[in-house]
Amino acid sequence: MGGKRKKSDDDDDVEAEAEASGWKKKTRTTSEREKEKKEPLRPSMIKNKEKRSELHAKLKHQKKLEKRAKAKARDAALKKALELGEEPPEKKVPRTIENTRELDETVCKPDDEEQQTPKILITTCRFHSTRGPAFISELLSVIPNAHYFKRGTYDLKKIVEYAKKKDFTSIIVVHTNRREPDALLIIGVPDGPTAHFKLSKLVLRKDIKNHGNPTGHKPELVLNNFTTRLGHRVGRLIQSLFPQDPEFKGRRVVTFHNQRDFIFFRHHRYIFETKEVKKAESKGKKDKDGESENVPEQKTIARLQECGPRFTLKLISLQHGTFDTKGGEYEWVHKPEMDTSRRRFFL
């Protein structure tokens with residue numbers, strides 16, 4: 001009586017079945033226990049709300065101190081490198097949601113074959129004027145990767161075929177009349193559309209007072225007030241003339257501003273300046289002598305310098321596909337009977 005129970009064969013069979021079924025309780029090893037001890041305590045492990053919030057605040061403060069210490073060490077290393085004339089240490093790229101996004105095969109890379117860089121062919125009508133070449137030379141300085149070809153006696157359809165073979169993306173034809181450029185024809189290659197614009201109020205760079213000279217950087221493009229479907233179509237056609245990766249270091253901006261269906265073109269360079277503006281305090285606040293005190297205030301302003309040329313465009317027609325006067329299908333044509341109301345606009 002009271003003796004230790006001997007292990008029977010039936011007990012061995014039950015244990016074997018338990019081990020086979022996987023429900024038998026496993027004993028923790030020493031290494032597992034040490035691992036648990038080494039693992040830092042996280043707020044999610046604590047059930048008590050007050051203690052959990054205290055630990056969270058403590059960890060947050062500790063993280064803030066570590067971040068501040070790293071920033072001080074980084075500033076000290078940068079200062080030391082500048083004093084010794086060495087190259088400053090590389091800046092670490094912050095980890096964001098954007099640069100840690102999941103891999104997507106449809107993302108277009110800069111060297112993607114489908115993402116074509118705009119390549120523009122500029123030519124004239126068969127009989128161009130004296131101001132035509134000057135206007136074209138300024139267009140070449142405005143539009144990156146633009147090339148001028150003499151028209152000669154070639155038909156426009158043959159020029160379109162040549163542009164397709166040489167991988168041009170657009171064609172600009174400068175039409176002149178009475179020694180003055182009076183129209184622009186913009187053709188999208190290879191499938192169109194073709195837009196015919198009336199050109200007026202042309203002012204070349206040399207005729208603009210205090211004009212600036214543009215750099216070779218890719219300009220920023222601004223399109224204003226293209227709100228209708230036709231306006232968006234024309235805006236996309238204009239947008240296809242310029243590369244979509246502007247170089248902000250050049251501080252160049254090209255503007256197409258639509259107002260009452262007249263598209264005003266401007267080309268500027270800009271610069272940001274910081275000026276001190278004296279701001280008088282309120283009447284209640286006065287200095288020791290009893291006079292109101294003027295407090296200098298920093299104000300950033302933008303200065304513009306026009307580079308030219310300056311001109312105005314008016315859409316005459318929009319044709320589907322490339323240039324074709326006989327069998328071409330027109331998407332939109334301006335007619336005199338459309339101008340029945342001063343408050344009706346199409347772009």
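Along the sequence shown, residues are numbered consecutively beginning with 1.
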Is there a chain of hydrophobic side chains (I, L, V, M, F, W, Y, each step under 4.5 Å between heavy atoms) that links [X] to [Y]?
X	Y	answer
Leu185	Phe197	no
Ile143	Leu223	yes
Ile120	Val254	yes
Phe265	Leu237	yes
Leu241	Leu315	yes

Report task. Could you please spell out the steps behind the side chain to side chain contact (heavy atoms under 4.5 Å, CB included) verdict for Arg233 and Arg229? Result -> CA-CA 6 Å; Arg233 180 88 158 137; Arg229 289 184 180 179; over 6 Å; no

I'd like to check [X] versus [Y] (side-chain heavy atoms, cut-off strictly below 4.5 Å). Are they in contact?
X	Y	answer
Arg266	Glu306	yes
Pro144	Pro219	yes
Pro243	Asn145	no
Leu59	Lys63	no
Thr274	Thr300	yes
Ile263	Leu347	yes
Cys125	Thr176	yes

Output the distance between atom [atom1] ([X]) and atom [atom2] ([Y]), rounded to the nearest 0.5 Å.
X	Y	atom1	atom2	result
Arg205	Phe135	CZ	CZ	11.5 Å
Ser170	Ile238	OG	CD1	11.0 Å
Glu180	Arg178	CD	CZ	11.5 Å
Arg101	Ile97	CZ	CD1	12.0 Å
Arg42	His56	CZ	NE2	13.5 Å
Asp167	Thr117	CG	OG1	11.0 Å

Provide the closest heavy-atom pair for [X] versus [Y] in the form atom of the first, atom of the second, distance.
X	Y	result
Arg310	Ile208	NH2-CG2, 3.9 Å
Tyr154	Arg151	O-NE, 2.8 Å
Ala163	Ile171	CB-CD1, 3.7 Å
Leu318	Pro193	CD1-CB, 4.2 Å
Asp324	Gln319	O-NE2, 2.6 Å
Pro190	Lys164	O-CE, 3.4 Å

So, does [X] use its side chain to make a donor-acceptor pair with the main chain of [Y] at under 3.5 Å?
X	Y	value
Thr255	Val222	no
Asn225	Gln259	no
Gln239	Gln244	no
His175	Asp182	no
Asp261	Phe345	no
Thr194	Ile187	no

For [X], does the [atom1] atom have more than 12 heavy-atom neighbours from other residues, nucleotides or ligands under 6.0 Å away?
X	atom1	result
Tyr270	OH	yes
Glu273	CD	yes
His147	NE2	yes
Lys314	NZ	yes
Gln298	CD	yes

Query raised in the report: Hey, mind stepping through Glu161 and Lys157 against side chain to side chain contact (heavy atoms under 4.5 Å, CB included) and telling me if it holds?
Result: CA-CA 6 Å; Glu161 292 298 322; Lys157 287 185 179 180; 5.8 Å; no

Requested in this report: Verify whether one side chain among His217 and Thr215 offers a donor that lies under 3.5 Å from an acceptor in the other.
Outcome: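 Yes, Thr215 and His217 have a side-chain donor paired with an acceptor closer than 3.5 Å.
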
N/O donor to acceptor pairs below 3.5 angstrom from side-chain atoms of residues 78-91, sequence neighbours left out:
none

Requested in this report: Could you go through the side chain to side chain contact (heavy atoms under 4.5 Å, CB included) check for His211 and Asn213 one step at a time?
Outcome: CA-CA 7 Å; His211 67 83; Asn213 294 316; 4.0 Å; yes

**Report entry** For Phe346, ring-ring contact (aromatic ring centres under 6.0 Å, His included) partners two or more places apart
**Finding:**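 For Phe346, the residues satisfying ring-ring contact (aromatic ring centres under 6.0 Å, His included) (neighbours in sequence not counted) are Trp332.
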
Query raised in the report: Considering residues at least two apart in sequence or located in another chain, which fulfil the ring-ring contact (aromatic ring centres under 6.0 Å, His included) criterion with Tyr330?
Result: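 If we apply the ring-ring contact (aromatic ring centres under 6.0 Å, His included) test to Tyr330, skipping adjacent residues, there are no hits.
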
Report task. Begin with the C-alpha distance, continue with both residues' side-chain angles, and end with the deciding distance and a verdict on side chain to side chain contact (heavy atoms under 4.5 Å, CB included) for Phe242 and Val142. Result -> CA-CA 9 Å; Phe242 295 87; Val142 170; 4.2 Å; yes

**Report entry** Asp245/Lys218 salt bridge by N-O under 4.0 Å criterion
**Finding:** yes

Report task. If the plane angle is over 60° it's perpendicular, under 30° parallel, otherwise tilted; pick one for Phe264 and Phe262. Result ->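 Rings of Phe264 and Phe262: tilted, 30 to 60°.
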
